[in-house]
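Taking it in order: structure first as structure tokens, then the write-up.
None of the values given here were measured: they were computed from a predicted structure. Each residue takes its place number in the sequence, starting with 1.
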Amino acid sequence: MNRLLCFQLVVTLCFGLSCAKFYEKDSVHFNNSLNPNNILKVHCISDQDDFGDHFLSPGQTYDFSFYESITKTKVDCDLWQGPDFRFHAKFRAYKGGGFIVHYGKKNFWDARENGIYFTHGKELPKLE
């Protein structure tokens with residue numbers, strides 16, 4: 001009986017106070033910091049979803065969120081820009097750790113004229 005009471009207390013406290021963070025979705029964010037009239041095309045695919053094509057004008061952002069899988073979650077993205085979208089970059093925008101599941105992990109990507117910058121939002125973006 002004491003074990004059941006302790007379990008109920010832990011579950012109640014956990015869900016009522018602090019476990020919401022453990023169920024927070026992970027997310028990937030893109031920002032177009034390119035020159036005026038330079039549209040950024042974004043296309044991402046994960047192990048489970050195709051997020052489709054998104055066209056961002058300078059200053060616009062696009063983001064999506066998901067729950068990480070217990071198997072390694074990977075999100076691969078393609079970015080195009082320039083006349084007729086002839087400049088292209090393909091990269092892994094998100095990689096989960098497998099058995100170590102992340103909750104609330106955020107990856108920020110910023111497309112600039114001199115490259116693509118990355119940060120988790122806690123430090124200054126760095127050129128990738």
Worksheet entry | Derivation of the side-chain contact (heavy atoms from CB on, under 4.5 Å) call for H43 and W80 | CA-CA 9 Å; H43 186 108; W80 293 269; 3.8 Å; yes
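- Rounding to the nearest 0.5 Å places OG1 of T119 at 10.0 Å from CG of D110.
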Discussion item. side-chain contact (heavy atoms from CB on, under 4.5 Å), that's the test. Do L40 and F55 meet it? Break it down for me.
Written reply: CA-CA 6 Å; L40 178 68; F55 297 88; over 6 Å; no
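- When all heavy atoms are compared, the tightest approach of P58 to P36 is CG-CA, 3.9 Å.
- Side-chain atoms of N32 come within 3.5 Å of backbone atoms of N38 as a donor-acceptor pair (strictly under, hydrogens ignored).
- Annotation: side chain of F108 is in contact with side chain of K106 (closest heavy-atom distance under 4.5 Å).
- Taking every heavy atom of both residues into account, K25 and S65 meet most closely at CD-OG, 3.5 Å.
- With a 4.5 Å cut-off on side-chain heavy atoms, F30 and C44 count as touching.
- Less than 6.0 angstrom separates the ring centroid of F64 from the ring centroid of Y62.
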Practice prompt. Test E113 against L34 for side-chain contact (heavy atoms from CB on, under 4.5 Å), laying out the working first.
Written response: CA-CA 5 Å; E113 292 297 329; L34 298 170; 3.4 Å; yes
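- A 4.5 Å side-chain heavy-atom check between N107 and F118 finds at least one atom pair inside the cut-off.
- Taking OG1 of T73 as the reference point, atom NZ of K105 lies at 9.5 Å (rounded to 0.5 Å).
- In this structure, D50 places its CG atom where more than 12 heavy-atom neighbours from other residues, nucleotides or ligands lie under 6.0 Å away.
- Looking at every heavy atom in both residues, H29 comes nearest to S27 through NE2-OG, 2.8 Å.
- Residues D26 and Y67 have side chains that never bring a donor and an acceptor to within less than 3.5 angstrom of each other.
- Here the side chains of I45 and D76 are not in contact, with every heavy-atom distance at 4.5 Å or above.
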Item to complete: Assess whether side-chain contact (heavy atoms from CB on, under 4.5 Å) is satisfied between I116 and L79, documenting all intermediate values.
Response: CA-CA 9 Å; I116 302 168; L79 300 183; 3.6 Å; yes
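- You'll find the side chain of W109 reaches within 4.5 Å of the side chain of V28, heavy atoms only.
- When all heavy atoms of S46 and V75 are compared, the closest pair comes out as CB-CG2, 3.9 Å.
- Scanning all heavy atoms of the two residues, the minimum distance from S33 to R112 falls at CB-CG, 3.9 Å.
- Side-chain contact between R92 and K74 is present, with at least one heavy-atom pair separated by less than 4.5 Å.
- Residues F85 and F91 do not share a hydrophobic cluster, defined by chaining ILVMFWY side chains whose heavy atoms lie under 4.5 Å apart.
- Here the side chains of K41 and Q81 are not in contact, with every heavy-atom distance at 4.5 Å or above.
- Inter-residue side-chain proximity for T61 and L56 is flagged as unmet; no heavy-atom pair is nearer than 4.5 Å.
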